[in-house]
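Please read the structure below before turning to the comments.
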There are 2 protein chains.
Amino acid sequence: MKIGELSRATGTNIETIRYYERIGLLPAPDRTAANYRSYGDAHRSRLSFVRHSRELGFTIDEIRSLLDLSDDPARDCGEADRIATRHLEQVEEKIAQLTLLRDELTRIVGRCRGGVAADCRVIEALGDHRHCENAH
Amino acid sequence: MKIGELSRATGTNIETIRYYERIGLLPAPDRTAANYRSYGDAHRSRLSFVRHSRELGFTIDEIRSLLDLSDDPARDCGEADRIATRHLEQVEEKIAQLTLLRDELTRIVGRCRGGVAADCRVIEALGDHRHCENAH
DNA sequence: ATGCACCCTGTAGCAACTACAGGGTCAAGC
DNA sequence: GCTTGACCCTGTAGTTGCTACAGGGTGCAT
C-alpha cells in the first residue's frame, strides 16, 4: 500500500502520516525501489488506532503509552485503564468549564439591545468581570 | 505602574503582557528613564478586557475586533453581538462534541476488568471504531 | 515526449502563549 | 562602597498537532 492509499483507507492526511513517522508514532515502513513508502496491514491498523484515539481526544503522548502497552500483550491492562480514566476526567472537567462559559456568554449576548458601542452591554460585560456570575 | 504590578493587578503573566504588546493587542506604554514599561489605568482596563475575553474563550482576532469596536464609541453594537453570538454557538458545539466523547469514553473505560493487555477491552475499543456508538 | 497524478525531503507556519539566556537597574543592608 | 536580591530589558526558541508549501523525482498513459 502506498501512502496515498493508506491515507484514503484511514482518512488521514498524507502529511500527518509522515508526521507520525517522524515523531516515532508509526514505524518507518519499507521502501520501494523508487523510495516510496510501502505499508502493510499492521501499519494500517496501527494508524487506525492512533486516529481513533486522537478523535477521542487522547494526546500523542498518551497514545504512545497505549501503543507501548498493546505492543506488549503480557503487560498489565491497568495502565490503559488509568490513562483512559484520567482522560475521561479531563473531558468531564472541560465540559463543566465550557458549560459555565456558555451560561456566561448566554447572559452577555442576551443583554444586547442594539445601539452604539458606547452603550454596548456586551463590551461592558467583557471589560468587567464583576458582571459575571461564575468563576472562569 | 511597572509591568510586575500590572501583572499582579490583572493576573496576567509578564511574558504574556509583553507578547500582547508585540502582537499589537496592547499599545506600547511610555518608558521610564531606565527603559522600564510604565502603565496607566487605561492599560490596566484594556488588559483586563483582553484577559476576561480570553477566559471566555474568544480568540485574539475576535478580541482585536471587539477592542476596535470599543475604541470607536460611535460604531454599531451589532458587530459585538455577532462576534459573541458566533462564539457562543461554537462553545455549544464543542460541548455537544465533548458530551459524545465522554459517553464513548465512559463506555470504553467501563469495559476494563483487569488482566493483561492482550485481552484489554480498552485497547481493543481504541483500535476499532466499530465498537463506538457515536460519530466522532 | 509530454502530461498528470503521485511520491520524496526539508522547512516554515498556525494559536497563544511560555521559557529561557544573557544582560541592565535599583533599593536595602553590611 | 559593595553586594545581594528583586525586578526589568531584548531576543529567540520551545510547546501541540498538525498543515502548507517549495523544489524536486517517479510512473503510466496518450
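Every chain is numbered from 1, with letters handed out A, B, ... down the list of sequences.
- Of the listed nucleotides (C:dT9, D:dC9, D:dG25), D:dG25 has the atom at the smallest distance from the side chain of A:Y36.
- Residue B:I14 is classed as a sugar-phosphate contact, given heavy-atom separations below 4.0 Å to backbone atoms only.
- Among the nucleotides C:dC7, D:dC18, D:dA20, the one closest to any side-chain atom of A:K2 is C:dC7.
- Candidate nucleotides D:dT19, D:dT26, C:dC20 were compared by shortest atom distance to the side chain of A:A34, and D:dT26 ranks first.
- Nucleic acid contact class of B:R37 (heavy atoms, under 4.0 Å, all strands): sugar-phosphate only.
- Using a 4.0 Å heavy-atom criterion, one finds that B:T59 contacts the sugar-phosphate atoms exclusively.
- The nucleotide whose nearest atom lies closest to any side-chain atom of B:R18 is, among D:dT19, D:dT10, C:dC8, D:dT10.
- Nucleic acid contact class of A:Y20 (heavy atoms, under 4.0 Å, all strands): sugar-phosphate only.
- Closest approach to the A:I60 side chain among C:dA16, D:dC9, D:dG17 is made by D:dG17 (side chain taken as heavy atoms from C-beta onward).
- Across all strands shown, B:R51 has heavy atoms under 4.0 Å from sugar-phosphate atoms exclusively, and none from any base.
- Residue contacts for A:I3: at a heavy-atom cut-off of 4.0 Å it reaches the sugar-phosphate backbone alone, with no base atom in range.
- Side-chain atoms of B:Y19 lie closest to C:dC17 of the nucleotides D:dT19, C:dC17, C:dC7.
- Residues B:T32 and B:R54 both approach DNA chain C. Their nearest nucleotides, taken by heavy-atom distance, put B:R54 toward the 5′ side.
- Cluster annotation: B:L25 and B:L66 are assigned to the same hydrophobic cluster (Ile/Leu/Val/Met/Phe/Trp/Tyr, side-chain heavy-atom contacts under 4.5 Å, transitive).
- Here the side chains of B:E62 and B:H87 are in contact, with some heavy-atom distance below 4.5 Å.
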